[in-house]
Amino acid sequence: MGTLVWLRPIAAPAVPAGPSAAHVVAGGSVKGRPRRVSVASRCPNPRVLQAGRCRWLVVRSGVTAAAAAADDPEDSSGLSDLQVASRIRGVFFYTVTAVAAIFLFIAMVVVHPLVLLFDRHRRRAQHYIAKIWATLTVSMFYKLEVEGMENLPPNSSAAVYVANHQSFLDIYTLLTLGRCFKFISKTSIFMLPIIGWAMYLLGVIPLRRMDSRSQLDCLKRCVDLLKRGASVFFFPEGTRSKDGKLGIFKRGAFSVAVKTGVPVIPITLLGTGKLMPPGMESNLNSGAVKVIIHRPIEGNDAEKLCSDARNVIADTLLLHGYGVH
């Protein structure tokens with residue numbers, strides 16, 4: 001459907017525009033006089049009026065969009081360039097991580113029999129390879145700053161790690177810390193070539209969402225690993241934040257910590273959601289990421305542990321300009 005454009009001299013009688021009309025003033029003249037261009041959009045049955053030199057012309061509806069873009073061409077082109085740059089950076093990011101994963105996955109496969117024989121639960125060799133993979137990928141695309149490394153317990157000590165969840169990049173960032181904690185991941189991720197297989201070798205714990213039996217089995221597996229000296233990692237929000245604000249914490253991680261008597265290590269992640277927001281995993285924006293490792297929290301009350309850990313993370317997020325629900 002076309003857009004109707006009415007050209008008339010200033011001297012012509014004014015014709016009232018309908019409620020859906022939009023007016024654009026343009027330069028130029030008709031026989032030495034200035035003219036006004038009125039663009040009427042979404043008018044189902046416009047009346048064709050003829051008064052003096054007035055006439056109706058039917059043009060393509062693209063005129064409206066072109067006029068809007070002409071108002072600020074620099075902004076529109078700048079946004080487009082930014083999107084293209086982020087998309088290109090994302091392509092290179094996944095290319096680098098995929099190529100690195102292929103070679104390092106082979107290394108994982110080679111050492112896996114020895115890992116099962118001598119280090120079945122912690123799997124330190126596999127985690128060291130994963131740290132190399134994550135560090136290679138991260139170092140090429142964004143600056144990473146870590147604060148509070150002295151608060152990390154040694155790999156020989158079991159602990160429950162918890163953090164806010166902003167982005168797909170959270171896993172890459174946390175693997176660079178070099179700690180042998182077991183993540184919890186959706187079962188569908190294990191089906192991905194190379195990456196999913198590497199997660200299996202690392203001992204990542206599978207979970208079927210919305211399946212209460214799977215959730216119970218997951219918590220039992222976490223308890224068993226902690227009793228055997230391995231650490232586990234939880235995102236207590238349960239999923240990535242859609243708006244960048246800290247969500248409500250679930251108590252599962254803290255119940256596991258109380259049951260096994262291990263400390264909780266709160267970690268605040270800053271900036272990953274800005275680099276790769278949820279739902280925009282094909283793009284990678286430029287920027288920096290900061291990881292803040294807080295002091296261990298201990299106790300025998302899961303509710304209090306949950307509240308204390310969330311408050312520490314929430315206060316840090318607020319201090320750096322982030323929101324909290």
Side-chain angles (χ1 to χ4, degrees), residues 121 148 151-153 157-168 170-171 173-175 177 179-189 199 202-270 272-273 278 291-319 322-325:
H121 303 294
N151 294 323
L152 284 177
S157 299
V160 170
Y161 295 80
V162 296
N164 58 308
H165 200 8
Q166 295 184 339
S167 170
F168 178 69
D170 293 343
I171 303 297
T173 302
L174 292 165
L175 284 174
L177 299 179
R179 288 300 182 267
C180 302
F181 37 62
K182 311 301 177 189
F183 290 100
I184 298 171
S185 177
K186 296 184 297 183
T187 54
S188 58
I189 305 297
M199 289 168 56
L202 280 169
V204 174
I205 304 167
L207 172 68
R208 289 190 299 274
R209 289 184 177 179
M210 310 307 294
D211 186 330
S212 56
R213 183 171 182 178
S214 177
Q215 293 172 3
L216 183 61
D217 290 343
C218 176
L219 293 178
K220 288 180 178 179
R221 175 86 180 275
C222 290
V223 170
D224 182 62
L225 285 168
L226 287 164
K227 288 181 176 180
R228 295 175 183 271
S231 296
V232 293
F233 200 106
F234 288 84
F235 292 110
E237 294 167 278
T239 187
R240 288 170 293 175
S241 172
K242 302 301 182 184
D243 57 6
K245 296 181 179 180
L246 184 67
I248 303 300
F249 277 15
K250 299 178 181 178
R251 288 200 312 166
F254 308 96
S255 298
V256 168
V258 168
K259 189 170 185 177
T260 55
V262 302
V264 174
I265 316 296
I267 297 177
T268 303
L269 297 169
L270 303 168
T272 54
V291 179
I292 301 177
I293 304 162
H294 305 282
R295 293 180 180 179
I297 302 174
E298 298 185 61
N300 54 11
D301 185 342
E303 188 69 39
K304 187 176 186 305
L305 277 179
C306 179
S307 176
D308 290 347
R310 188 179 186 277
N311 287 340
V312 168
I313 295 174
D315 290 344
T316 306
L317 289 170
L318 290 172
L319 184 63
Y322 290 82
V324 174
H325 284 293

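As the structure is a prediction and not an experimental result, all values here were calculated from the model.
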Which residue in the set Thr272, Val324, Leu317 passes side chain to side chain contact (heavy atoms under 4.5 Å, CB included) when paired with Asn164? Leu317
Evaluate the side-chain proximity of Ile184 to Cys222: yes if any heavy-atom separation is below 4.5 Å, no if none is. yes
OG1-CG distance between Thr173 and Leu270, expressed to the nearest 0.5 angstrom: 11.0 Å
Do Arg240 and Phe235 have side chains that approach each other closer than 4.5 Å (heavy atoms only, starting at C-beta)? no
Of all heavy-atom pairs between Val162 and Ala253, which one has the smallest distance, and what is that distance? CG1-CB, 4.0 Å
If you define the side chain from C-beta out and look only at heavy atoms, does anything of Tyr322 sit under 4.5 Å from Leu246? no
Measuring from Arg208:CZ to Lys186:NZ, what's the distance to the nearest 0.5 Å? 14.0 Å
Applying side-chain contact (heavy atoms from CB on, under 4.5 Å) to Val204 and Ile189, what does each step give before you reach the verdict? CA-CA 11 Å; Val204 174; Ile189 305 297; over 6 Å; no
Grab the two heavy atoms, one from Cys218 and one from Pro206, that are nearest each other, plus how far apart they are. CB-O, 4.4 Å
Do Val264 and Phe234 come within less than 4.5 Å of each other through their side chains, counting heavy atoms only? no
side-chain contact (heavy atoms from CB on, under 4.5 Å), that's the test. Do Leu269 and Val291 meet it? Break it down for me. CA-CA 5 Å; Leu269 297 169; Val291 179; 3.8 Å; yes
Per side-chain hydrogen bond (donor to acceptor under 3.5 Å, both in side chains), His294 is matched among Thr268, Asp315, Asn151 by Thr268
Residue pair Val258 / Asn300: nearest heavy atoms and the distance that separates them: CG1-O, 3.6 Å
Is any side-chain heavy atom of Leu305 less than 4.5 Å from a side-chain heavy atom of Phe249? no
Shortest non-hydrogen contact between Pro263 and Glu298, atoms and distance: CB-CG, 3.7 Å
Is the backbone N or O of Pro153 less than 3.5 Å from a side-chain atom of Arg179, with the two atoms forming a donor-acceptor pair by type? yes
Does any non-hydrogen side-chain atom of Leu202 lie less than 4.5 Å from one of Lys182? no
Smallest heavy-atom separation, Ser231 atom then Ala158 atom, equals OG-CA, 3.5 Å
Taken to the nearest 0.5 Å, the spacing of Thr187 OG1 from Leu207 CG works out to 7.5 Å
Check the pair His325 / Asp243 against side-chain contact (heavy atoms from CB on, under 4.5 Å), numbers first and verdict last. CA-CA 10 Å; His325 284 293; Asp243 57 6; 2.8 Å; yes
So do the side chains of Ser185 and Met199 get within less than 4.5 Å of each other, counting heavy atoms only? yes
Do Arg310 and Ile248 pass the side-chain contact (heavy atoms from CB on, under 4.5 Å) test, and can you show the C-alpha distance, the side-chain angles, and the key distance before you say yes or no? CA-CA 8 Å; Arg310 188 179 186 277; Ile248 303 300; 4.3 Å; yes
Calculate, to the nearest 0.5 Å, the distance between atoms CZ and CD1 belonging to Phe181 and Ile265 respectively. 11.0 Å
To the nearest 0.5 Å, tell me how far Ile293 CD1 sits from Leu177 CG. 5.0 Å
Would you say that Leu225 contacts Ile205 through its side chain, given a criterion of any heavy-atom pair below 4.5 Å between the two side chains? yes
Working to the nearest 0.5 angstrom, can you tell me the gap between Leu175 CG and Asp170 CG? 11.0 Å
